[in-house]
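Just follow the structure's listing: the first ligand is 1, and inside any ligand the first atom is 1.
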Amino acid sequence: MATTTTPTETVDAVVIGAGFAGIYMVHKLNELGLMVRGFEAGDGVGGTWFWNRYPGARCDVISMEYAYTFSPELIEEWTWTERYPAQPEILRYLNFAADRLGVKPHFQFSTRVVSAWFDDDANQWEIILDDGSVTRAKYFITAVGCLSTSMTPDFPGLSDYAGEVYHTADWPADGVDFAGKRVGVIGTGSSGVQVIPLVAQQAAHLTVFQRTPAFSLACGNRPLTEQELQDFKDNIDDHKIRSRASGTGQYTDTLECNALDHTPERRHAVYEERWDRHRAIDLIACYPDLFASREANETIAEFFRGKIRATVTDPGLAEKLSPRTYPLGAKRITLDTNYFETYNRDDVDLVSLREQPLHTFTTTGIRAGDADYDLDAVVLATGFDAITGPLLKIDIRGVGGRTLQDKWADGPTTYLGVAVDEFPNMFMLTGPGSPNVLTNVVCAIEQHVEWTGDFIRDLEKRGAARVAPVAADAQKWTADAVELADGTLYPEGESWYTGVNIPGKPRVIMSYVGGLDVYRQICDDVAADDYRGFAVS
Ligand code: NA7
């Protein structure tokens with residue numbers, strides 16, 4: 001690997017990915033006057049929103065809040081149509097933003113970065129692309145997203161199955177016609193919960209294979225009114241201040257007393273009022289103790305189960321759909337439109353894989369428990385190798401040829417979730433150890449891009465050739481972040497948050513759980529203290 005090839009191009013910075021993070025990072029580096037090249041595997045911008053184009057794909061953050069705030073022009077010139085934006089609208093927004101910022105010419109699309117190695121002598125990264133060409137750059141910045149490496153379980157017999165197979169995270173651009181077909185969906189996380197009602201409407205018959213039921217909130221999606229849109233634009237400064245001061249980038253009015261301090265009747269009334277707001281953060285952050293105490297959490301978990309019982313007419317089916325094995329919020333709360341209602345249809349069945357384990361695919365379908373299910377098509381809504389997956393898919397080698405795979409064999413170690421010791425001049429946007437997926441990710445991205453951009457400006461001003469975190473600071477940051485997470489209910493979620501959905505992946509929370517507001521302050525303090533914890537030469 002560590003042989004210098006003749007580069008086709010030498011630039012100041014390479015950015016991988018053209019989603020929310022990559023678009024803004026390229027713009028920021030352009031503003032700094034650096035020569036920047038972006039690489040993107042898709043044939044257009046969008047990142048996660050480019051590939052996740054399954055029917056029903058929709059963001060779980062309100063549209064106006066799921067948008068860049070750094071540019072008054074972008075805010076003024078874009079108008080959202082729905083409260084929760086669907087994938088095509090987010091993709092249109094990102095195309096609009098990339099065009100308006102003029103970043104598309106800096107990207108090379110339909111190009112995958114295969115490997116990158118740090119040249120110790122030249123203090124440069126050599127980036128090797130899937131067409132064999134090579135680019136050299138001083139700075140190597142990953143904007144690869146947290147949910148961009150899809151996960152297909154190693155189901156026995158899958159390769160022998162003769163029917164159609166689709167993964168929600170890699171959906172055909174031209175769509176799929178399920179009319180008249182017997183379809184199976186495996187997975188009931190956010191993607192499954194969104195795709196199931198729409199597949200049910202089209203297919204002749206739908207069988208849902210559920211391993212763990214979801215806590216799901218009816219999203220109450222609707223068109224936005226002109227008044228709402230105008231009010232938001234008029235109050236954008238207030239929105240920025242409030243989202244920056246919040247732990248998740250989404251503000252809510254958390255009550256001062258604990259859930260367990262209220263009577264059951266009072267609590268129920270509070271939950272009902274919050275349910276009608278159709279916003280997950282308003283429920284999970286309703287009382288301060290909901291995510292700190294299992295007993296408090298059970299009160300809201302039972303409230304959600306009550307909603308399932310009120311919707312699903314068959315009580316046995318309602319119970320199968322009711323989560324009981326993990327606290328609410330420890331797996332991501334899903335947002336849906338008519339998810340539980342779908343199970344009242346005669347042409348939809350549920351197979352609980354806890355009661356009937358999935359043994360194998362056959363040539364004609366799936367064998368689970370004692371039964372064979374004949375299926376013309378199967379949709380895998382089985383999720384992602386999250387956060388570290390997209391980084392480890394690239395063969396990244398730092399000082400002395402050390403691979404990132406080797407460095408992170410026991411779990412990712414980072415400093416501030418943005419840099420790794422032994423990997424100089426490399427910056428990760430929303431990397432492991434940063435607040436990433438536990439926030440409105442656009443807020444996390446803006447903070448990371450702005451902080452990284454400021455740091456690079458500072459390095460260029462000093463004439464620095466090389467920067468990397470000090471190993472001891474990275475180890476401390478990582479250990480402290482893990483300890484912080486151990487004091488929450490996240491480890492009980494058994495989800496992609498902690499890597500347990502991927503066989504063999506180290507089981508560790510990959511996000512900083514202390515809140516985006518606290519994290520922002522720490523990063524600002526590090527910068528003010530002459531980038532404490534980084535060695536610059
Ligand atoms: P998730 O949330 O990881 O959901 C994946 C689903 O697939 C979940 O229900 C899993 O059950 C199920 N799954 C995974 N592997 C298997 C196997 N081997 N057998 C049966 N079922 C399986 O991914 P999503 O794409 O829905 O959502 C990811 C994020 O994207 C989401 O949180 C939003 O932020 C957007 P399990 O729960 O592991 O028992």
Participant: Nearest protein heavy-atom contact for atom 6 (C) of ligand 1: which residue, which atom, what distance?
Facilitator: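 Of the protein heavy atoms, A381 O, 3.3 Å lies nearest.
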Participant: Under 4.0 Å from ligand 1, counting heavy atoms only, is it the side chain of L147, its backbone, both or neither?
Facilitator: side chain
Participant: List ligand 1 atoms under 4.0 Å from T212, heavy atoms only on the residue side.
Facilitator: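 Heavy-atom distances to T212 below 4.0 Å select 36 (P), 37 (O), 39 (O).
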Participant: Would a 4.5 Å heavy-atom cut-off, applied to side chains only, mark H205 and D349 as touching?
Facilitator: yes
Participant: Considering only NZ, NE, NH1 and NH2 on the basic side and carboxylate oxygens on the acidic side, decide whether K393 and D385 come within less than 4.0 Å.
Facilitator: no
Participant: Considering heavy atoms of the protein only, find what lies nearest to atom 4 (O) of ligand 1 and give residue, atom and distance to 0.1 Å.
Facilitator: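 In this structure, atom 4 (O) of ligand 1 has G189 CA, 3.5 Å as its nearest protein heavy atom.
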Participant: Does the distance from a Lys or Arg side-chain N to an Asp or Glu carboxylate O, for R294 and E298, drop under 4.0 Å?
Facilitator: no
Participant: State which residues pass salt bridge (Lys or Arg N to Asp or Glu O under 4.0 Å) with R274; sequence neighbours excluded, sorted by chain then number.
Facilitator: D253
Participant: Check each atom of ligand 1 against the heavy atoms of F155 and keep those under 4.0 Å away; list them by number with element.
Facilitator: 17 (C), 18 (N), 19 (N)
Participant: Are any of the side-chain nitrogens in E355 or R211 under 4.0 Å away from the carboxylate oxygens of its partner?
Facilitator: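 Salt bridge flag = no for R211 with E355.
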Participant: Under 4.0 Å from ligand 1, counting heavy atoms only, is it the side chain of F384, its backbone, both or neither?
Facilitator: side chain
Participant: Using heavy-atom distances only, which candidate in S495, P213, P153 approaches atom 18 (N) of ligand 1 most closely?
Facilitator: P153
Participant: Looking only at N/O atoms, are R332 and ligand 1 under 3.5 Å apart anywhere?
Facilitator: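 Min N/O separation from ligand 1 is below 3.5 Å for R332.
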Participant: Salt bridge or not for R58 and E89, using N-O below 4.0 Å?
Facilitator: no
Participant: Does ligand 1 have a heavy atom under 4.0 Å from the side chain of L353, from its backbone, from both, or from neither?
Facilitator: side chain
Participant: Are side-chain heavy atoms of E492 and L489 found at a separation under 4.5 Å?
Facilitator: yes
Participant: E65 and salt bridge (charged side-chain N to carboxylate O under 4.0 Å, His left out): which single residue from R279, R242, K240 fits?
Facilitator: R279
Participant: If I apply the N/O under 3.5 Å rule, does R211 come out as touching ligand 1?
Facilitator: yes
Participant: Polar contacts were defined as any N/O atom of the residue lying under 3.5 Å from an N/O atom of the ligand; does this apply to N501 and ligand 1?
Facilitator: no
Participant: Hey, which atoms in ligand 1 end up nearer than 4.0 Å to a heavy atom of I186?
Facilitator: 20 (C), 21 (N)
Participant: What part of L358 sits under 4.0 Å from ligand 1 if we count only heavy atoms: the side chain, the backbone, both or neither?
Facilitator: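 Near ligand 1, L358 shows nothing, with every heavy atom at 4.0 Å or more.
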Participant: If you measure from each non-hydrogen atom of H167 to ligand 1, which part falls under 4.0 Å: side chain, backbone, both or neither?
Facilitator: neither
Participant: Closer than 4.0 angstrom, basic N to acidic O: yes or no for R520 and E446?
Facilitator: no
Participant: Quick one: do E319 and R324 make a salt bridge, cutoff under 4.0 Å?
Facilitator: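 Result for this pair is yes, salt bridge flagged.
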Participant: Centroid separation under 6.0 Å, is that true for the rings of Y490 and F291?
Facilitator: yes
Participant: Can you report which non-hydrogen protein atom sits closest to atom 23 (O) of ligand 1, along with the distance?
Facilitator: G383 CA, 3.2 Å
Participant: Backbone or side chain, does any N or O of S190 fall under 3.5 Å from an N or O of ligand 1?
Facilitator: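 Indeed, backbone or side chain, S190 has an N or O that close.
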Participant: Does anything in residues 364-387 form a ring-ring contact (aromatic ring centres under 6.0 Å, His included)? List the pairs, not counting sequence neighbours.
Facilitator: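 Every ring-ring contact (aromatic ring centres under 6.0 Å, His included) pair that includes a residue of residues 364-387, provided the two are not neighbours, is F209-Y373.
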Participant: Quick one: look at K331 and ligand 1, take heavy-atom pairs under 4.0 Å, and tell me if it's side chain, backbone, both or neither.
Facilitator: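 Within the 4.0 Å criterion, K331 contacts ligand 1 through side-chain atoms alone.
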Participant: Do me a favour and list the nearest non-hydrogen protein atom to atom 12 (C) of ligand 1 with residue, atom name and distance?
Facilitator: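 Protein heavy atom with the smallest distance to atom 12 (C) of ligand 1: G187 CA, 3.7 Å.
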Participant: Which atoms from ligand 1 have a heavy atom of R354 less than 4.0 Å away?
Facilitator: 39 (O)
Participant: Which residue owns the protein heavy atom closest to atom 9 (O) of ligand 1, what's the atom, and how far is it?
Facilitator: T188 N, 2.9 Å
Participant: Show which atoms of ligand 1 fall inside a sub-4.0 Å distance from at least one heavy-atom site of S191.
Facilitator: 24 (P), 25 (O), 26 (O), 27 (O)
Participant: Donor-acceptor pair, T188 side chain versus P213 backbone, under 3.5 Å?
Facilitator: no
Participant: Which residue and atom name correspond to the protein heavy atom nearest atom 1 (P) of ligand 1, and how close is it?
Facilitator: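 Closest protein heavy atom to atom 1 (P) of ligand 1: W496 CD1, 3.9 Å.
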